[in-house]
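Shown next, in structure tokens, is the structure this report addresses.
What you see is a predicted model, and the numbers here were worked out from it, not measured in a lab. Below, chain A is the first sequence line, B the second, and so on; all start at residue 1.
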Amino acid sequence: MIAPEADVLVSLKKLSKVYRMGVQDVVAIGGIDLDIRQGEYVAIMGHSGSGKSTLLNILGCLDRPTGGRYMLGGEDVSVMNDDALSEIRNRRIGFIFQSFNLIHGLSIEENIEVPLFYQGVRRSVRRQRSTELARLVGLGGRLGHRPRELSGGQQQRVAIARALANEPLVLLADEPTGNLDSNTTNEILRLFEELHSAGRTIIMVTHEIDVAEHAHRTVRMADGAIADDTPTARARA
Amino acid sequence: MKAIYKVTDIVRLGVFSLLVHKVRSMLTALGIIFGVWSVIAMLAISQGASYESQISLRRLGSDNIIIGSVKPPEDAMAAESGALHYGLTHQDVARMRDNIPGVLRAVVIHSTPKLAYAGGANQHQVTVLATEPGFAGVARARMKEGRFINSLDMLRRASVCVVTDSLADKVFGHGSPMGKTVRLSGMAFVVIGVLDRLPGKLTGGPADAGDYVLIPHTTEQMRFGDMTVVQSQGSEVFERVEVSTAILQMVDEQAVVNGAAIARGMLERSRRQVDYQITVPLEEIEQRKRQMEIWSYVLMAIALVSLVVGGIGIMNIMLAGVTERTREIGIRRALGAKRRDIVVQFLVEAMTLTTAGGLAGILVGLVVPWAVENTLKFKTIVTTQTLVLPFVVAVAVGLISGLYPAMRAARLDPIHALRHE
């Protein structure tokens with residue numbers, strides 16, 4: 001990876017995560033180095049238990065490494081306390097989940113506004129922004145509906161709009177198409193492609209090769225280590 | 001500014017999630033409503049009762065020491081020339097008046113049952129109170145008409161009398177009795193004044209007696225002497241009592257307390273038998289007050305228990321809410337909610353429930369004493385304190401019972417919370 005330091009958005013140095021199960025230590029991630037530059041579209045692949053989800057959780061500041069260093073946008077995230085991490089999640093990261101994770105009691109627009117809510121953004125400004133975002137992800141006039149009234153694909157669009165609400169440095173997607181049929185999968189992937197073209201940095205965890213192929217770089221993990229790090233066919237093309 | 005938007009939004013969020021679970025919220029608030037109104041109602045009723053009983057005792061005068069003559073058991077009595085001689089003497093009263101510090105004045109009453117006749121067909125059973133001018137002040141008697149016995153009446157041994165209002169109505173019917181004549185054992189007395197009811201205990205008569213004729217003490221001694229004839233089992237028994245009741249009016253409450261002790265000591269030494277009874281309204285008032293206090297504490301404890309039960313209900317619903325919404329908490333944390341944001345959200349829910357319940361409880365708590373007063377005719381007293389105290393306790397209970405679930409919700413690890421089904 002030969003790139004000017006300024007371009008590097010995510011930088012992992014000897015990053016490790018060890019769980020203590022009783023007296024035994026279980027290594028989920030065993031000291032990996034990884035740099036991801038601004039604007040990259042990266043797929044992280046691996047079998048279950050390979051450490052890819054743990055990695056994504058650490059990248060998303062939902063979990064903390066037990067060793068090594070994680071720099072996000074020039075800030076050392078690995079030493080931050082809970083409040084500071086909340087702040088980072090709130091302002092720097094957009095998270096997209098396999099099961100959408102929308103709040104059922106809230107309407108679509110309220111769901112999109114949640115990150116802004118915790119930023120303390122004024123209600124009228126939030127409303128304006130959620131309307132724009134809904135249009136961006138292709139959700140027209142369904143803003144007042146509840147998540148359960150939408151199809152899976154539509155729910156994932158809401159989740160993507162929510163992830164974009166805080167203008168994040170990086171979009172993290174955990175098996176974003178895992179609960180969707182092939183048609184909607186393609187729609188969501190097309191949306192990711194558009195966001196990537198618009199300059200977004202996307203890191204996506206998946207175990208499906210044809211999904212991963214939409215990314216421009218694939219990081220393959222096995223037993224808590226990076227086994228392979230290559231540009232995809234699409235990137236070479 | 002941002003913080004303010006955030007706080008109002010979180011408050012709105014808390015209220016909103018209560019509305020989502022309407023029934024559950026209502027049931028929880030019900031616990032608080034019951035707790036609050038029952039505390040208010042119990043305090044109102046017990047304070048009303050305590051007020052009533054204190055008023056009736058205060059009418060006896062909290063600055064008085066009342067010493068009444070009491071007929072001792074028959075066998076303990078020495079029969080003196082066919083007459084039973086017992087009770088206080090003028091000498092006793094004078095000694096007490098002169099030796100007890102802080103006596104403002106001493107008033108003696110000699111009471112005898114007599115028949116009164118004022119024309120017409122009927123005679124009336126009355127109690128004749130032979131007393132002195134100071135009585136009106138000591139008894140806090142109010143004149144309805146005319147004047148009380150004065151020192152000139154005493155000096156002249158005038159044949160004048162003051163009657164109570166209830167007697168005046170019975171004997172003279174409508175119209176003013178002023179200037180009319182009442183015959184007592186055949187002797188004529190001119191009515192110079194009409195009194196309101198007198199407290200029975202003060203006069204040595206039956207507690208509920210209202211029919212009194214008051215005459216100058218000097219006049220009685222001249223006309224009737226101090227012998228009382230009592231019909232007992234067919235034979236006539238003569239009783240001789242010099243003073244039926246002596247009232248010592250004291251300068252202040254401290255003097256009442258000390259004076260009562262001294263009077264007890266003096267009488268114990270001077271009287272050969274226990275033919276007297278000392279009543280200190282102040283002591284009774286204090287005692288009644290203490291009883292009422294204990295009673296109101298008991299009531300309050302019962303009511304507070306129901307408040308606590310309401311609080312446990314709130315804690316229960318909040319804990320259930322935390323478990324049910326673990327996933328939501330995880331999502332919010334993943335999207336940037338800090339621990340304290342979660343705490344505030346759940347606390348706001350608990351506080352909203354208790355505040356709303358508390359306010360509703362105050363409303364019911366105002367209605368219930370009002371209904372009790374109007375249907376059961378119990379005196380009730382609702383003060384600001386009795387309204388505020390249960391409300392404050394209710395909100396505190398809500399705060400405490402909401403805090404634990406809120407802290408638990410906030411402590412959840414975001415990853416685990418997100419995986420929760």
Side-chain angles (χ1 to χ4, degrees), chain A residues 17 19 28 53-54 56-58 60-64 81-107 110-127 146-147 158-159 162-166 168 172 174, chain B residues 1-25 320-346 348-349 352 407-421:
Chain A
K17 177 74 182 179
Y19 293 105
S53 288
T54 305
L56 197 74
N57 285 336
I58 290 173
C61 295
L62 287 171
D63 205 352
R64 263 192 254 220
N81 66 13
D82 191 82
D83 272 8
L85 286 177
S86 298
E87 194 86 358
I88 293 288
R89 288 198 295 268
N90 190 218
R91 294 177 185 274
R92 302 264 182 269
I93 291 166
F95 223 114
I96 299 157
F97 303 89
Q98 178 176 3
S99 49
F100 322 136
N101 276 339
L102 300 176
I103 299 172
H104 295 297
L106 303 180
S107 68
E110 286 165 336
N111 263 289
I112 296 173
E113 289 167 18
V114 171
L116 300 175
F117 176 97
Y118 287 112
Q119 280 180 18
V121 175
R122 190 196 280 261
R123 214 164 126 92
S124 53
V125 177
R126 291 202 314 249
R127 193 81 347 149
R146 301 281 138 154
V158 175
R162 182 179 65 184
L164 291 169
N166 55 353
L172 301 174
D174 187 4
Chain B
M1 277 310 277
K2 277 187 172 178
I4 293 171
Y5 290 135
K6 196 158 151 183
V7 167
T8 54
D9 277 332
I10 290 179
V11 168
R12 194 178 293 128
L13 174 67
V15 175
F16 172 80
S17 39
L18 288 177
L19 291 176
V20 171
H21 308 285
K22 279 192 199 71
V23 175
R24 214 168 61 171
S25 306
V322 168
T323 315
E324 197 175 279
R325 285 151 62 189
T326 302
R327 183 85 173 259
E328 180 191 325
I329 293 163
I331 297 170
R332 290 184 181 279
R333 293 278 283 136
L335 296 177
K338 297 193 171 99
R339 288 206 163 116
R340 66 167 171 276
D341 293 330
I342 302 293
V343 171
V344 169
Q345 181 187 340
F346 277 84
V348 163
E349 288 186 28
T352 308
M407 303 281 275
R408 225 171 80 153
R411 256 202 312 265
L412 284 173
D413 179 5
I415 310 176
H416 290 130
L418 277 170
R419 287 198 195 116
H420 192 270
E421 287 307 316

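Here the side chains of A:Arg91 and A:Gln119 are in contact, with some heavy-atom distance below 4.5 Å. At least one side-chain heavy atom of A:Arg162 sits under 4.5 Å from a side-chain heavy atom of A:Leu102.
The greatest number of non-hydrogen atom pairs below 4.5 Å with chain B, out of A:Leu106, A:Leu62, A:Leu85, A:Asp82, is found for A:Asp82. Counting heavy-atom pairs closer than 4.5 Å to chain A, the top-ranked of the candidates B:Pro414, B:Ala337, B:Gly330 is B:Ala337.
When only modelled atom types and interatomic distance are considered, A:Arg89 and A:Ser86 share a side-chain donor-acceptor pair under 3.5 Å.
In this structure, chain B has heavy atoms under 4.5 Å from both the backbone and the side chain of A:Asn101. Using a 4.5 Å cut-off between heavy atoms, B:Arg327 contacts chain A through its side chain alone, with no backbone atom that close.
Here A:Glu87 pairs with B:Lys338 in a salt bridge; the nearest charged N to carboxylate O distance falls below 4.0 Å.
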